[in-house]
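We're numbering straight along the sequence, starting at 1. Both counts, for ligands and for their atoms, begin at 1 and track the order of listing. Computed from a prediction, not measured in an experiment: that's the story for all the values here.
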Amino acid sequence: MISNLVIQKFGGTSLANIERIQAVANLIEQSVLNGKEVVAVVSAMAGETQRLIDLAKEVQSEPDPREYDALISSGEQVSVALLAMALKEKNFLSKSYTAFQLGLKTDQIHGKARINSIDTSVLHEDLKKGIVPVITGFQGINESGDITTLGRGGSDTSAVALAVALEANECQIFTDVDGVYTTDPRVYEKAKKIDKLSFEEMLELSSLGAKVLQIRAVEFASKFNMPIRVLSSFNKGEGTLIDKEDENLEDALISGVTHTKNDSKLIIRQVPDVPGIAAKILSPISNVGIEVDVIVQNVAEDKTTDFTFTVKDEDADKAAKILNDLSGELGGGSVELAKEISKVSVVGVGMKSHAGVATKMFSALADKNINIDMISTSEIKISVVVSRESAEDAVKALHDVFELG
Ligand code: ADP
Ligand code: ASP
Ligand code: MG
């Protein structure tokens with residue numbers, strides 16, 4: 001086991017230009033001077049991945065998956081080389097690596113690949129020699145030797161996977177805010193930084209729209225008990241520590257409010273209210289790899305029912321087409337698609353043992369005249385689907401009513 005090893009991941013805005021890359025090299029230098037061994041993981045420079053995605057779509061409206069990953073993973077290769085150069089310029093030993101050079105293996109699923117294994121032998125050798133390895137986030141290679149990518153925000157997952165493989169002390173995620181907040185600080189200025197969160201809470205926050213950490217990174221960290229610390233690469237501070245639940249701490253009733261910005265709602269009207277109808281509607285949707293989120297089936301009137309569910313925007317047209325084809329077959333009615341919706345959620349481990357959170361939430365939204373379309377709950381979260389234009393007001397109202405500021 002390597003002692004004192006930390007993984008330090010730097011996101012796009014932390015590497016937006018040469019000055020920022022030099023600032024990141026300074027941060028790494030500080031850690032090394034403080035006696036840490038560092039392995040750096042980097043994203044593409046700010047805006048670069050999106051630029052590449054847009055280019056791909058100009059050439060092919062549904063880009064070839066293999067070539068798409070080859071293209072959109074390339075931003076990370078630029079960043080690793082520049083950061084390794086910046087470190088060498090400061091007289092550090094450093095070496096950049098792509099996923100291919102490292103043998104970071106994933107499954108075959110382009111655009112959403114999962115990491116299977118990482119060959120750490122080169123990294124151990126480097127660390128022994130005092131070299132700071134700088135590794136591309138977001139990318140892997142599959143069994144056929146093709147480049148894969150891990151989904152938007154996937155560098156977080158690369159960093160956690162490397163931390164686990166190298167048995168690091170901590171996985172540090174440097175970004176453009178100084179930790180995880182009670183809600184997106186860019187949406188509500190009253191948002192407050194949270195010092196400590198359990199994996200369970202962070203999992204919910206990430207899955208419900210807090211893009212500060214990719215959900216898979218949190219899943220990975222939770223599975224292997226790897227502490228994550230979210231920090232700013234711009235300001236000094238302790239950041240937010242995400243770790244296993246601390247039994248001595250009283251659980252926060254509500255730890256945060258999140259919202260999504262890319263959900264769509266589909267309704268299929270007047271389908272026969274018979275056993276098996278939900279499966280008949282949803283199987284052709286999931287068979288093409290579309291993830292369904294909130295589902296509501298109304299109480300039947302006249303032996304027919306309306307069936308409503310949400311999907312990601314990018315899947316909405318495809319799902320609507322499937323429903324249109326299906327509706328005739330099932331003897332159902334019209335299909336409606338509403339694109340501009342958002343899911344707003346409150347999350348907190350403490351709500352397990354408190355009644356009344358939902359009532360308080362719904363009253364606060366009613367007071368602001370915000371209409372609730374759908375509701376879904378779990379032990380530690382309550383989500384509502386609202387129109388996208390009211391989402392930010394909903395976030396603010398809930399942040400206020402639960403006194404998170
Ligand atoms: P990076 O490029 O460093 O990976 P991201 O843009 O992926 O950074 O994530 C950081 C952003 O996440 C912040 O700028 C912030 O707007 C957003 N964010 C959303 N919800 C939260 C939250 N609860 N706490 C902190 N940041 C949040
Ligand atoms: N560069 C990739 C993206 O923009 C990965 C990441 O930033 O984590 O999604
Ligand atoms: Mg990110």
Report yes or no: is the cationic atom of R186 (NZ for Lys, CZ for Arg) closer than 6.0 Å to the six-membered ring centre of Y181, at no more than 45° off its axis?
-> no
Counting only pairs under 3.5 Å, give me each side-chain donor-acceptor contact of residues 395-405, with atom names and distances, residues two or more places apart or in other chains.
from: H399; atom 1: NE2; to: T182; atom 2: OG1; distance (Å): 2.6
from: D400; atom 1: OD1; to: Y188; atom 2: OH; distance (Å): 2.8
from: D400; atom 1: OD2; to: Y188; atom 2: OH; distance (Å): 3.1

How about D243 and F199: do any of their side-chain heavy atoms sit closer than 4.5 Å?
-> yes
Answer yes or no: is there an ion pair linking K368 with D393, defined by an N-O contact shorter than 4.0 Å?
-> no
Near E389 CD, under 6.0 Å, is it more than 12 heavy atoms from other residues, nucleotides or ligands?
-> no
Provide, line by line, the atom pairs where ligand 1 and the protein bring an N/O atom each to a distance under 3.5 Å; else say none.
from: ligand 1; atom 1: 2 (O); to: G12; atom 2: N; distance (Å): 3.2
from: ligand 1; atom 1: 3 (O); to: T175; atom 2: OG1; distance (Å): 2.7
from: ligand 1; atom 1: 4 (O); to: K9; atom 2: NZ; distance (Å): 3.1
from: ligand 1; atom 1: 6 (O); to: K211; atom 2: NZ; distance (Å): 3.1
from: ligand 1; atom 1: 8 (O); to: T175; atom 2: OG1; distance (Å): 3.1
from: ligand 1; atom 1: 14 (O); to: D176; atom 2: OD1; distance (Å): 2.9
from: ligand 1; atom 1: 14 (O); to: D176; atom 2: OD2; distance (Å): 3.4
from: ligand 1; atom 1: 14 (O); to: R186; atom 2: NE; distance (Å): 2.8
from: ligand 1; atom 1: 14 (O); to: R186; atom 2: NH2; distance (Å): 3.0
from: ligand 1; atom 1: 16 (O); to: D184; atom 2: OD1; distance (Å): 2.8
from: ligand 1; atom 1: 16 (O); to: D184; atom 2: OD2; distance (Å): 3.3
from: ligand 1; atom 1: 16 (O); to: R186; atom 2: NE; distance (Å): 3.1
from: ligand 1; atom 1: 23 (N); to: Y181; atom 2: O; distance (Å): 3.0
from: ligand 1; atom 1: 24 (N); to: Y181; atom 2: N; distance (Å): 2.9

Is the backbone of D263 close enough, under 3.5 Å, to the side chain of R388 for a donor and an acceptor to pair up by distance?
-> yes
Salt bridge or not for D317 and K339, using N-O below 4.0 Å?
-> yes
Scan for salt bridge (Lys or Arg N to Asp or Glu O under 4.0 Å) pairs involving residues 343-352, sequence neighbours excluded, and state none if there are none.
-> E200-K352, D293-K343
Taking atom OG of S222 and atom CE of M202, what is their separation to the nearest 0.5 Å?
-> 12.0 Å
Taking any residue with a non-hydrogen atom under 4.0 angstrom from an atom of ligand 2, which ones do you get?
-> S43, A44, T49, E76, F138, R152, G153, G154, S155
